[in-house]
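Below, all heavy atoms of this structure are taken into account, side chains as well, without hydrogens, waters or symmetry copies. Lettering follows sequence order; numbering is per chain, from 1.
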Protein chains: 2
Amino acid sequence: MTAYAADSGNRREDILAIAAGLFAENGFDNTSMRQIGATAGMQAASLYHYFRTKDDMLDAIVRDYLTELPGAYRRIMAETANPRDVLPAFVELALRGAARNRAVMTILVHERKSLAGRDRFAFIEETFDEIEAIWLGVVEAGIAQGIIRADLNARVALRMMLDLVGSVAQWYRPNSRRYTLDEVVKTELDFIFGGVMVGGR
Amino acid sequence: MTAYAADSGNRREDILAIAAGLFAENGFDNTSMRQIGATAGMQAASLYHYFRTKDDMLDAIVRDYLTELPGAYRRIMAETANPRDVLPAFVELALRGAARNRAVMTILVHERKSLAGRDRFAFIEETFDEIEAIWLGVVEAGIAQGIIRADLNARVALRMMLDLVGSVAQWYRPNSRRYTLDEVVKTELDFIFGGVMVGGR
DNA sequence: CCTACCGATCGGTAGG
DNA sequence: CCTACCGATCGGTAGG
């Protein structure tokens, strides 16, 4: 079915996991409260005992993970001794985070644009902007320090890296026979830093 | 507004261009016939003079461009003398095609999954499968011939290349002051083939 | 190209 | 956690 849902002692958390799977699979607008209710084994109206609105469910699903990301990136910057290692560590954090939170990442990537105009979800676009500004700063510092190739457009190269780490949640499957997570991480690092860093990595 | 719509002598084509822009911007399911009608300057009911159903509009928008792609890739394979040049030519075709048909590509990338289960749009998934099989064949042949690095997972590397060329339609804007199309193509080629090909390009 | 309308489905509420 | 229901919106039709 969804392949996303998990168990937990808490009924509210169960419902959230079910909803996250359906939102990721079918999109937020194309998932009805009736569908969520049916999957959770109750009437749609009963969901309103746990959540005030459908928007509240989405908020509860995405907010915590997303808003903790800027801090995680800043911690990497602060704790990485060699500047050459910062960007690869960013890529690895993004990939492993996406793999661990596939439903949330898929929802964010898919709904980001349609939620951008809604006040209540403005934090999504703002947080993505914050994250991308952190990445851009690292890329530009890397170019200034001669660590990153100066002959490519920094913004385009950055967009490509973000595309790569952003789309992984949409095709990566844990337990795939074709590749392990470590293999995906290694290939993406090879791919990106075989071409971007000065003099190989 | 949509930034996608174009003019044409034909009213039907005008409506299609408007619908394509709205589908790309808001998603197929989240675009109503009333919205399309209002943007085209008529009542929703009047659209049914030109199209039998909303699905017919989507079909007319995406079918021609998509179904011509496999032939275009095969032509490149047949006409490229040096095997080393095939994959870069694929990337360039994908990028320039996406840039020239941004709305269509955006729709295809976004709706691909949700349309996969519908008979009438099965050709979309089938055509993508066909295209990806062509790419995979080239990657595997390149590895066998020692042109492409054998130390990375071919399927993961392929997925990354397809992610890159597939997502460009979603952020590339003609007339951007930050980068020209040629600059995007060059950066993507540098990026991919600086790291993937044996001994540089 | 329009007015008028249909049945289905949506998120959400009332009241238990 | 349920039944019963609301107003809004959807794709589409009838008839001109």
Practice prompt. Taking salt bridge (charged side-chain N to carboxylate O under 4.0 Å, His left out) as the test, write out the residues that go with B/Asp55, two or more places apart.
Written response: B/Arg118

Item to complete: Please tell me which of B/Ala40 and A/Tyr48 maps to the more 5' nucleotide of DNA chain C, matching each residue to the nucleotide holding its nearest heavy atom.
Response: B/Ala40

Worksheet item: When the distance from NE2 of B/His49 to C1' of D/dA14 is rounded to whole Å, what number comes out?
Response: 16 Å

Worksheet item: For the pair made of CD1 in A/Ile15 and C1' in D/dC1, what is the distance, rounded to whole Å?
Response: 10 Å

Fill in: Pi-cation contact, A/Tyr179 with B/Arg155 (under 6.0 Å, within 45°)
no

Worksheet item: According to a strict under-4.0 Å criterion, is A/Arg52 in side-chain N/O contact with OP1 or OP2 of C/dG11?
Response: no

Worksheet item: Which residues, if any, of residues 53-62 of chain B bring a heavy atom under 4.0 Å of DNA chain D?
Response: B/Thr53, B/Lys54

Fill in: Separation of C/dG11 C1' from A/Ile36 CD1 (nearest whole Å)
11 Å

Fill in: Among B/Val139, B/Thr80, B/Val91, side-chain contact (heavy atoms from CB on, under 4.5 Å) partner for B/Val86
B/Thr80

Worksheet item: Rounded to whole angstrom units, what separation is found between the CG atom of B/Asn30 and the C1' atom of C/dC10?
Response: 12 Å

Discussion item. For D/dC1 and A/Tyr50 - does any side-chain N or O of the residue sit under 4.0 Å from the phosphate oxygens OP1/OP2?
Written reply: yes

Worksheet item: So with a 6.0 Å cut-off around CG of B/Asn175, is the heavy-atom count from everything else above 12?
Response: no

Discussion item. Rounding to an integer number of Å, can you tell me how far A/Leu47 CG sits from C/dG11 P?
Written reply: 10 Å

Worksheet item: Hey, does B/Ala45 reach any base, or is it just sugar-phosphate, or nothing, if we go heavy atoms under 4.0 Å?
Response: base

Practice prompt. Check whether NZ of the Lys or CZ of the Arg A/Lys54 lies under 6.0 Å from the centre of the six-membered ring of A/Phe28 and within 45 degrees of that ring's axis.
Written response: yes

Worksheet item: Which stems does DNA chain D form, counting runs of 3 or more consecutive Watson-Crick or G-U wobble pairs with both distances under 3.5 Å?
Response: C:1-16 with D:1-16

Worksheet item: Hey, is B/Asp59 close enough to B/Arg52 for a salt bridge, meaning N to O under 4.0 Å?
Response: no

Worksheet item: CE of B/Met33 versus C1' of D/dC10: gap in Å, rounded?
Response: 11 Å

Practice prompt. Considering only NZ, NE, NH1 and NH2 on the basic side and carboxylate oxygens on the acidic side, decide whether A/Asp56 and A/Arg120 come within less than 4.0 Å.
Written response: yes

Worksheet, complete the sentence: Of A/Met42 and A/Arg34, the one whose nearest nucleotide on DNA chain D sits closer to the 5' end is A/Met42

Practice prompt. Return the nearest nucleotide to the side chain of B/Gln43; candidates are C/dC1, C/dG12, C/dT3.
Written response: C/dT3

Worksheet item: D/dC2 phosphate, OP1 or OP2: any side-chain N/O from A/Ser46 under 4.0 angstrom?
Response: yes

Worksheet item: Is the Lys NZ or Arg CZ of A/Arg11 less than 6.0 Å from the centre of A/Tyr50's six-membered ring, within 45° of the axis?
Response: no

Discussion item. For the residue pair B/Asp163 / A/Gln170, report whether a side-chain donor-acceptor contact shorter than 3.5 Å exists.
Written reply: no

